[in-house]
Every structure is written in C-alpha cells, then in structure tokens.
Number of protein chains: 2
Amino acid sequence: MDDLEPAQRSKYPRVEESTEATDQEQVRVSENLPKPPEPDVVPGNLYRTTDLASGSRKDKCIIQYKRTYKNKSKVKLIQEETPHDQGTDNLEGGPSTRLRPRKLNQPPKDPKHVTHKVVAKDELKTSGNRGKSASGIQASAGSSSKKAEAKYSCEVCMMNFGSKKELGLHEKNICSVKGCGKKFASHKYLIHHQKVHREDRPLQCTWEGCTKTFKWAWARTEHIRVHTGDRPYTCAETGCGKTFRFVSDLSRHRRKTGHSG
Amino acid sequence: MDDLEPAQRSKYPRVEESTEATDQEQVRVSENLPKPPEPDVVPGNLYRTTDLASGSRKDKCIIQYKRTYKNKSKVKLIQEETPHDQGTDNLEGGPSTRLRPRKLNQPPKDPKHVTHKVVAKDELKTSGNRGKSASGIQASAGSSSKKAEAKYSCEVCMMNFGSKKELGLHEKNICSVKGCGKKFASHKYLIHHQKVHREDRPLQCTWEGCTKTFKWAWARTEHIRVHTGDRPYTCAETGCGKTFRFVSDLSRHRRKTGHSG
DNA sequence: CTTTCTCTGTTTTGTC
DNA sequence: GGACAAAACAGAGAAA
DNA sequence: CTTTCTCTGTTTTGTC
DNA sequence: GGACAAAACAGAGAAA
Ligand SMILES: [Zn+2]
Ligand SMILES: [Zn+2]
Ligand SMILES: [Zn+2]
Ligand SMILES: [Zn+2]
Ligand SMILES: [Zn+2]
Ligand SMILES: [Zn+2]
Ligand SMILES: [Zn+2]
Ligand SMILES: [Zn+2]
Ligand SMILES: [Zn+2]
Ligand SMILES: [Zn+2]
Ligand SMILES: [Zn+2]
Ligand SMILES: [Zn+2]
Ligand SMILES: [Zn+2]
Ligand SMILES: [Zn+2]
Ligand SMILES: [Zn+2]
Ligand SMILES: [Zn+2]
C-alpha cells in the first residue's frame, strides 16, 4: 500500500546493491561458472606464433584480417598490426563504401593470435560475398504476411510471403515462422497449424465460472470432463474394465498392457 | 488430516455426483456445446435417398460397405441391409481371414445414409490396400533408437532408427520424433536439438539456494542475471543509453526504435 | 499495451 | 580460405 | 515411478 | 472409388 515503492515486476529477489562495483567491473557470479578462455594476447602486443605447416616460429601481433559472414554484412574487420608496421593506422584510408558489419550487442573480445594469412590493405577494399544469403530454414527477415510487401503468394491457399525462400518452404509444407520450421503431411494442415503462432484462444470452456480458453476443440472437449467427472473410456479387455477420463490414458494403458490390442 | 479421504490429485473441484445418471446416459455439460449431428437413420430402418447424379429416389437402408484406411487395417465394415435382403444376416459367412479394423476407443455412431454404391458380399472378401503405408511426416511406430531393432543407421552420425522412413527424414535434417517434424539447416544441430526431447536438464544455476535447471547454456547464462541484477546491454545510440538485462530486449529495442541499427 | 524472463535455431566468435 | 565447438544473438513467446 | 491434464499432427468418421 | 471438414485419436510432455 506504500505508493512510494518503485514498480518491481521481477519474480526473483535481487542481490544487495554492490557499493564497490564500478560500471567497468565484471560481476563474477560464482566460481563454478565456466570461465571464459583467458586471452593470451591483447591488441598491439607482440606474440610468438608457430606456423602449423612449416613449424617455423615468427613474432607477430594483431593485424587486420577478413572474415566472411552469412549475413548481409559480408566482411568483418578487426584491428591488427604487424610489429614492423605500427606507424600505419589501418583505420585511415579505409574503404568508405564497404558494408558495415552487423551491430553487435557486446564489444568483441581480444582475439587470441593464431597463424593466419595477412591480408594486404588494398585487398581489404574489395570485399566480396555479395551473393551470399541466409542459410536458415526458418524465416530470417520479412516474414510478415500482412505487410504491404506481400510479393510472393501461394497459388493453392493464397497466403502471402515476403520472400521467395519463405514461399518455397510453404510450398513444401514447411512452416516458415522463425523457430518453427515444422514439416507437415498436408498443405491444409499447414494452414491450420498457424493457429499455434497466433495469440488468440477463441474457444472457451462452457462450464459456469470457468475462464479457461483453448486453441483446439479437442482440448476443450477433454477439459470439460474435469468438471463433469466423466470417464468415458473403458478398456474392452475381458476382466479389466479400467476406465479413463482422457483418451490418451486409455491408449497408453492398451499400449503398455497389450489389452484389447 | 482425515486419513479416510481418498487420494485426490485433480486440480479442479468435481461436480456433485449425479444420483440419476445411469451408465448409459450421456452427460450433457452445457447447452452451448456444439451438439453432435442428429443421425436421421438408425441401422435396420428404411430411408428414402436421392441419387445425386440422376435425381431418382430410392428406398434403402444400412448395408455393408467398404472403406479404405491409411493404417494397417485396410477395410472397415459397417452393418447395412437392403430392404429386400433383410433375411440375410451379413455378419454370417463373412470372411474370417479379413483384417480387423483398428480398435476404437469409442463405438462408432450410426451413420447417416447417403447415396453410395452397394458392395457385393463376395467383393467384401477381397479387401485390397495391402500396400498402403502411413503418410505422416513424424514417426508413427518404432521410433525407438535404443531398441534392439536398430536396423537403419545414419552414416554421418551413427544414429540408429527403427524404420527406413525415419532414417530418410533424419538424412534430410528433419527430426523424426512424433509431433516434432522440424527441419534444420545443419545435420549437427539436428543431433543437438534432440535434447529438447530428453527430460534431463543437466545444467544448474550456480546461485546459492537456487534450484533452477536448464537444457541450454545460454538460458542459464541469462538467468543468473536475475540474481546479480546485472544489466550488461546498453543501447549505443547517442543520447539513449538504455540498459537491458537480456539480449533479446536490447534487440527488440533496436528493432522498434531504429537505434544504432 | 507493458516488462520480465525462458527457450531455441542460426549466426558469430575464438581457435586451430 | 577452411573446420569446429562454444558463445552469443534474435527472435518467439509465456507470464504477470 | 505415478496420475492428471493439455497440446497438436495424423487418422478416422460423417457426409456429400 | 473420391473429396472435405469435424471429431477423435495417440502420442509427447508438463505438472504435481
Ligand atoms: Zn600478429
Ligand atoms: Zn499455400
Ligand atoms: Zn509453425
Ligand atoms: Zn480444426
Ligand atoms: Zn473449464
Ligand atoms: Zn485393460
Ligand atoms: Zn441403405
Ligand atoms: Zn545423422
Ligand atoms: Zn525434434
Ligand atoms: Zn551446445
Ligand atoms: Zn538461479
Ligand atoms: Zn536506444
Ligand atoms: Zn583465414
Ligand atoms: Zn502473454
Ligand atoms: Zn464409396
Ligand atoms: Zn514431468
């Protein structure tokens, strides 16, 4: 009843506010946590490396190198320097037209030095991989079928899709919702299945005072029996006569006992 | 504390025991429930039917007819009689070697009469469809990969399957667990995905006194922040600086606001 | 609608 | 450039 | 392990 | 024999 209490929706109690920890300090929760691998190098330092093929050793340090990604940002640049090229700042003179890498939520850690082919600066300007596309089964972008950009349409059910890949999955009876990717035996059910991705639960329990709602008619049909106490399923095995409220429980009984199979 | 109370695990209160209802009476729960369609015929009675093609009317009644199924029981026989053939009991002289239909949990309702081709009794003896197989994507039988009947093996990951169809799905990166049927972009992840079908949760929260367990390392990583209060994600947009405890919330913030996209 | 938090398929990172 | 495993991400989505 | 109950992909049923 | 929608089934699986 104290209206000065700040809104607190968390279902967990919080640890005491640490009076010492600064923003920069990493809070280590427990010694049991798997520690991140300690980077044996930091950018700008020198490192002795071994070439895996020849076995010869070299002194090197961080230098820029290319990395290919699957996403629309095709080239990642990470600062490296050769010990004999420290005067040259490889951030200047960079290609201003290159695609930027995907925005990261956390800054990348310092990479450990490994034997790697050094990429010439002019080679960095020509970043290829423009043709690469996402490799996931489920939709990665533009999965909205109600947007104005409904460019791809299924001839069978007239559903619209934002990309050719999504329509292709749909035509193979695969749900293109991100994280779903289920394949079905019929196109009709693929449409019906979409209700699992909608939030509405249009069916209601008809029992007085019960507010339960459902997406599937059968779920409601069986739920109502918890109110009535009905046990409509009886094992047909002679001498058994066990009764069940839910069809699945009779099915399991028959499967486990071999009754009236 | 009354030890005469019977064990009651239901989470719902039961309706009062009906003193009138017999075993035969169907308990009708509510008037709002969709009533089953009233059968306008009962077996043995006469019915006036209209042939859909010719429009001519005939008096008929229930007679045996064939029905094809997808499952191992290929032919279903339902009692019908012609009005001029009532003396002949079509249960006698039936083919004793025919496959029985799948055992049903509930007796079938009386079928409504429709215009249907009458099947001769001798035709009933020759029930075909021996070659039909299950059409589902997900496993229908023998999905046990730890049984002795591990006949089909994936050459890539050495997983075993009970049927050729299951192995075929697996080789197309489709999970063959019944009700799953998900298709993935890599074979490696298909193996990793199987943990969602196992009941063990091998990862534990390391916080003193917390008993939460996890299947996925990342879920534990983010969960621990509810104890520490850590909010490691900060929007990089100039002047915004909003912080988040979970990476998904920063991602959504960037998607909705366009910040540092 | 909101915020808090979990699950999981794919992408990115670290290392060789 | 490759491979691979671990970490992180980016949604979907449940709960309040 | 058990029992209770919900969700959902496929099969069966009812009807034309 | 077909088609189609509604009902039912047969698991998986969450919860206690
Ligand atoms: Zn170096
Ligand atoms: Zn379609
Ligand atoms: Zn789906
Ligand atoms: Zn339906
Ligand atoms: Zn109810
Ligand atoms: Zn029994
Ligand atoms: Zn008839
Ligand atoms: Zn395999
Ligand atoms: Zn699966
Ligand atoms: Zn993993
Ligand atoms: Zn915890
Ligand atoms: Zn922001
Ligand atoms: Zn390389
Ligand atoms: Zn919700
Ligand atoms: Zn027919
Ligand atoms: Zn459980």
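A, B, ... follow the sequence lines: proteins, then strands. Residue 1 opens every chain.
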request  = Remember a base hit wins even if backbone is also touched, and classify A:Arg201 as base, sugar-phosphate or nothing at under 4.0 Å, heavy atoms.
outcome  = sugar-phosphate
key: Residue whose nearest DNA chain D nucleotide is more 5′ - A:Asn105 or B:Ala217   = B:Ala217
inquiry  = Using 30° and 60° as the class boundaries, would you call the ring planes of A:His187 and A:His170 parallel, tilted or perpendicular?
reply    = perpendicular
inquiry  = Rounding to an integer number of Å, can you tell me how far A:His197 NE2 sits from E:dC7 C1'?
reply    = 13 Å
task = If D:dA15 has a Watson-Crick or G-U wobble mate with both distances under 3.5 Å, name it; if not, just say none.
result = C:dT3
query = In whole Å, what is the span from the CG atom of B:Leu190 to the C1' atom of C:dT8?
reply = 14 Å
ask   = For the base of C:dT2, is there a side-chain donor-acceptor partner from A:Arg9 under 3.5 Å away?
value = yes
task = Specify the residue among B:Lys11 and A:Trp218 whose closest nucleotide of DNA chain E lies further upstream toward the 5′ end.
result = B:Lys11
request  = Can you tell me the pairing partner of C:dT13 across any strand shown, Watson-Crick or G-U wobble, with both distances under 3.5 angstrom?
outcome  = D:dA5
inquiry  = Whether the B:Ser10 and B:Arg14 side chains hold a donor-acceptor pair (N or O, under 3.5 Å, no angle test) is what I'd like checked.
reply    = yes
key: Nucleotide F:dG13, atom P - distance to CD of A:Glu222 in whole Å   = 18 Å
message = What's B:Lys212 touching, base or sugar-phosphate or nothing? Going by heavy atoms closer than 4.0 Å.
response = sugar-phosphate
request  = Verify the contact: side-chain N or O of A:His223 to OP1 or OP2 of E:dC5, cut-off strictly under 4.0 Å; return yes or no.
outcome  = no
message = Contact between A:Asn105 and B:Ser251 at the side-chain level, heavy atoms closer than 4.5 Å - yes or no?
response = yes
Nearest-angstrom distance, P atom, D:dA14 to E:dG9 = 14 Å
query = How do A:Gln106 and A:Lys215 order along DNA chain D: which one's closest nucleotide is nearer the 5' end?
reply = A:Gln106
ask   = Over how many whole Å does the gap from A:Arg198 atom CZ to E:dC7 atom C1' extend?
value = 16 Å
query = Within the structure, does a side-chain N or O atom of B:Tyr69 lie under 4.0 Å from either OP1 or OP2 of F:dC9?
reply = no
query = B:Trp218 ring centre to B:Arg225 NZ or CZ under 6.0 Å, with the angle to the axis within 45°?
reply = yes
A:His192 side-chain N/O to E:dG9 phosphate OP1/OP2 under 4.0 Å = no
Presence of B:Trp216 side-chain N/O under 4.0 Å of C:dT8 phosphate oxygens OP1/OP2 = yes
query = Does the base of E:dG14 carry an N or O that pairs as donor and acceptor with the side chain of B:Arg67 under 3.5 Å?
reply = yes
request  = Give the nucleotide from the list C:dC5, C:dT10, E:dT8 with an atom nearest to the side chain of B:Ala185.
outcome  = C:dT10
inquiry  = Once you apply a heavy-atom cut-off of 4.0 Å, does A:Tyr233 come out as touching a base, just sugar-phosphate, or nothing?
reply    = sugar-phosphate
task = Please state whether the phosphate of D:dC4, meaning OP1 or OP2, lies under 4.0 angstrom from any side-chain nitrogen or oxygen of B:Lys188.
result = no
Pairing partner of D:dA10 (Watson-Crick or G-U wobble, both distances under 3.5 Å) = C:dT8
ask   = With a 4.0 Å cut-off on heavy atoms, is B:Phe246 in touch with a base, just the backbone sugar-phosphate, or nothing at all?
value = base
key: Value in whole Å for how far the P atom of E:dT3 lies from CZ of A:Arg245   = 13 Å
ask   = What about the rings of A:His253 and A:Tyr233, do their centers lie closer together than 6.0 Å?
value = no
task = Return the set of residues passing ring pair (Phe, Tyr, Trp, His ring centres under 6.0 Å) with B:Phe184 (not counting sequence neighbours), or none when no residue passes.
result = B:Tyr189, B:His193
request  = Can you label the angle between the B:Tyr12 ring and the A:His227 ring as parallel, tilted or perpendicular, going by 30° and 60°?
outcome  = perpendicular
key: Distance below 4.0 Å between A:Lys178 side-chain N/O and C:dG9 OP1 or OP2   = no
task = Measure across B:Arg245 and B:Gly229 and return the closest heavy-atom pair with its distance rounded to 0.1 Å.
result = NH2-O, 3.1 Å
task = Could you check whether A:Ser248 gets within reach of a base, just the sugar-phosphate, or nothing at all, counting any heavy atom under 4.0 Å?
result = base
ask   = Which value, in whole Å, describes the distance between the P atoms of nucleotides F:dA16 and C:dC7?
value = 15 Å
request  = Pick base, sugar-phosphate or nothing for B:Phe184, based on heavy-atom distances below 4.0 Å to the nucleic acid.
outcome  = sugar-phosphate
Whole-Å distance separating the OH atom of A:Tyr189 from the P atom of E:dC7 = 13 Å
inquiry  = Please confirm whether the shortest side-chain N or O distance from A:Lys256 to OP1 or OP2 of E:dT2 is below 4.0 Å.
reply    = yes
inquiry  = What is the separation between atom CD1 on B:Ile137 and atom P on F:dA12, rounded to the nearest whole Å?
reply    = 17 Å
task = Nearest-nucleotide wise, let me know which of B:Cys180 and A:Val226 is further upstream toward the 5' end of DNA chain E.
result = A:Val226
request  = Mind checking A:Arg252 for me? I need base, sugar-phosphate or nothing, with any heavy atom below 4.0 Å counting as a touch.
outcome  = base
message = Classify B:Ser186 by what it touches in the nucleic acid, base, sugar-phosphate, or nothing, heavy-atom distance under 4.0 Å.
response = nothing
query = Which whole number of Å gives the distance between the C1' atom of E:dT12 and that of D:dA8?
reply = 47 Å
key: Pairwise P distance, D:dA15 and E:dT6 [rounded to whole Å]   = 14 Å
task = Figure out the CZ/P separation between B:Arg255 and D:dA12, and round it to whole Å.
result = 6 Å
